[in-house]
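Reviewing the structure listed below.
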Amino acid sequence: MSPLKIATPEKRNRPYGWLILLVLISIVLITVSMREGAHGPIQSSRVAFQTVTSPVGRTGKWVTTPWRRFTAWLGDIGVSRSELTTLRDQNAALRSQVVQLQEQVRSAQASAALNESARSSGHAGVIADVIGLPTSSWQQVIVVNAGSSKGIKLSMPVLASNGLLGQVVSVGPNYAQVRLITDQESGVATLLQENRAQGIVRGSLSGELTMNFVSMDATVTAGDTVVTSGLGGVFPKGLIVGQVSKVSKEVNSLYKVIQVKPANDIGRVEKVIILTDTPPDITTLPPAKATGGN
């Protein structure tokens with residue numbers, strides 16, 4: 001029997017020698033390259049190699065440019081969408097602020113116009129917002145957000161931006177009801193500003209105004225201005241009620257039939273001013289006590 005041979009692991013080739021050799025060659029080449037001039041053999045070889053390989057590099061760059069751009073675009077999609085969402089949120093917030101500022105400016109302008117209207121008529125008042133519109137043609141009544149806590153009382157005249165609107169008929173702590181001059185139960189002592197002819201403007205179920213008791217002898221034309229006459233002590237004199245829109249005559253009537261267009265469009269009224277310094281309604285005052293000497 002032949003003796004057993006013990007297997008030994010094969011020696012692995014370790015290329016340390018080649019690695020050391022390549023490092024030494026690199027050091028030598030770098031040293032020579034640094035010492036030689038610009039036209040030395042190593043520099044010339046490097047330039048020649050770059051000249052030969054540069055077309056290949058440019059071709060590779062040209063071929064890969066679309067792909068690199070595509071991958072860059074894909075990478076930017078997430079960022080772009082995030083930025084777009086942020087910009088949209090900021091834009092919505094800015095638009096909301098602009099709308100609020102515009103409303104504040106309009107509200108301030110409307111209040112200033114009402115104050116000026118009251119001052120021009122020689123009166124002062126309390127500005128209020130309209131918080132309730134007429135619910136039917138049977139009762140032309142609106143609600144405003146000023147009441148007894150602000151000194152509002154019954155029978156006080158109420159103006160809008162273009163003239164007389166109505167009269168306070170009910171008061172709560174923080175609200176008041178205003179009967180419009182277009183209400184069928186409303187009556188306003190008026191006169192025609194041009195010829196001073198007097199009459200009574202009354203409302204109707206249709207919301208139209210009619211000026212009654214104007215003499216047939218009075219000259220009235222469409223466009224004439226109708227103002228309060230001050231008679232009765234309810235409304236101060238000189239407040240604009242509206243303009244004459246139509247004049248007609250009825251057979252066997254002593255008076256002309258005059259249609260009046262209201263100065264204010266109630267559908268567009270948002271703010272009013274309640275005159276607080278006008279004379280009280282004389283019809284609500286208690287009778288004077290008789291006095292005499294003994």
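This is a predicted model, so every value here is computed, not measured. Hydrogens, waters and symmetry mates are skipped; everything else that's a heavy atom, side chains included, is used.
Side-chain N or O atoms of Thr228 include none that pairs as donor or acceptor with a backbone N or O of Gly230 at under 3.5 Å. Judged by distance alone, with hydrogens and angles left aside, the side-chain atoms of Asp224 form no donor-acceptor pair with the main-chain N or O of Val244 at under 3.5 Å. With Gln184 contributing its side chain and Trp138 its backbone, the two residues share a donor-acceptor pair below 3.5 Å. Of the possible polar contacts, none joining the Asp277 side chain to the His123 backbone as a donor-acceptor pair under 3.5 Å is found. Remark: the backbone N or O of Ser229 is not paired with any side-chain donor or acceptor of Thr190 at under 3.5 angstrom.
Contact record, Ala263 with Ile240: CB-CG2, 4.0 Å, taken as the closest heavy-atom pair. When all heavy atoms are compared, the tightest approach of Val168 to Val171 is CG1-CG2, 3.5 Å. Between Phe235 and Pro157 the shortest heavy-atom distance is CD2-CB, 3.8 Å. Between Ala160 and Asn264, the shortest heavy-atom distance links the atoms CB-OD1, 3.2 Å.
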Show your reasoning for whether side-chain contact (heavy atoms from CB on, under 4.5 Å) applies to Arg202 and Ile200. CA-CA 6 Å; Arg202 294 193 177 277; Ile200 301 294; 4.0 Å; yes

Would you sort out whether Met216 and Leu254 count as a side-chain contact (heavy atoms from CB on, under 4.5 Å), showing the intermediate values? CA-CA 6 Å; Met216 283 288 189; Leu254 298 177; 5.8 Å; no

Criterion side-chain contact (heavy atoms from CB on, under 4.5 Å) on Val272 and Ile127, from CA distance to verdict: CA-CA 6 Å; Val272 301; Ile127 293 178; over 6 Å; no

Going through the distances and angles, do Val130 and Glu270 end up as a side-chain contact (heavy atoms from CB on, under 4.5 Å)? CA-CA 5 Å; Val130 176; Glu270 299 180 9; 5.7 Å; no

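A distance of 9.0 Å separates OG1 of Thr221 from CG of Leu192, quoted to the nearest 0.5 Å. Rounding to the nearest 0.5 angstrom, the gap separating the NZ atom in Lys237 from the CG atom in Leu239 is 11.5 Å. Taking CG from Leu209 and OG from Ser204, the interatomic distance works out to 7.0 Å, rounded to the nearest 0.5 Å. Annotation: the span from Ile266 atom CD1 to Leu180 atom CG amounts to 4.5 Å, rounded to 0.5 Å. Atom NZ of Lys261 is separated from atom OG of Ser245 by 8.5 Å, given to the nearest 0.5 angstrom. In this structure, NZ on Lys256 lies 8.0 Å from CG on Asp217, to the nearest 0.5 angstrom.
Leu191 and Phe213 fall into different hydrophobic clusters, where Ile, Leu, Val, Met, Phe, Trp and Tyr side chains are chained together by heavy-atom contacts under 4.5 Å. No path of Ile, Leu, Val, Met, Phe, Trp and Tyr side chains, each step under 4.5 Å between heavy atoms, connects Val220 with Val227, placing them in separate hydrophobic clusters. Leu154 is connected to Ile274 through a chain of hydrophobic side-chain contacts under 4.5 Å among Ile, Leu, Val, Met, Phe, Trp and Tyr, so both are in one cluster. Under a hydrophobic clustering in which Ile, Leu, Val, Met, Phe, Trp and Tyr are joined whenever their side-chain heavy atoms come within less than 4.5 Å, directly or via other members, Val226 and Val234 fall into the same cluster. Val144 and Ile131 are members of different hydrophobic clusters when ILVMFWY side chains are connected at heavy-atom separations under 4.5 Å.
For Ser186, the side chain to side chain contact (heavy atoms under 4.5 Å, CB included) criterion is met by Arg179, Ile181, Asp183, Val188, not counting sequence neighbours.
Leu159 places none of its side-chain heavy atoms less than 4.5 Å from the side chain of Leu165. Side-chain atoms of Met156 and Leu275, non-hydrogen and from C-beta on, never get closer than 4.5 Å to each other. Within the 4.5 Å cutoff, no side-chain heavy atoms of Pro134 are placed close to those of Gln139.
Within the structure, side chain to side chain donor-acceptor pair (under 3.5 Å) pairs that include any residue of residues 144-153 comprise Ser149-Asn174 (at least two apart or interchain).
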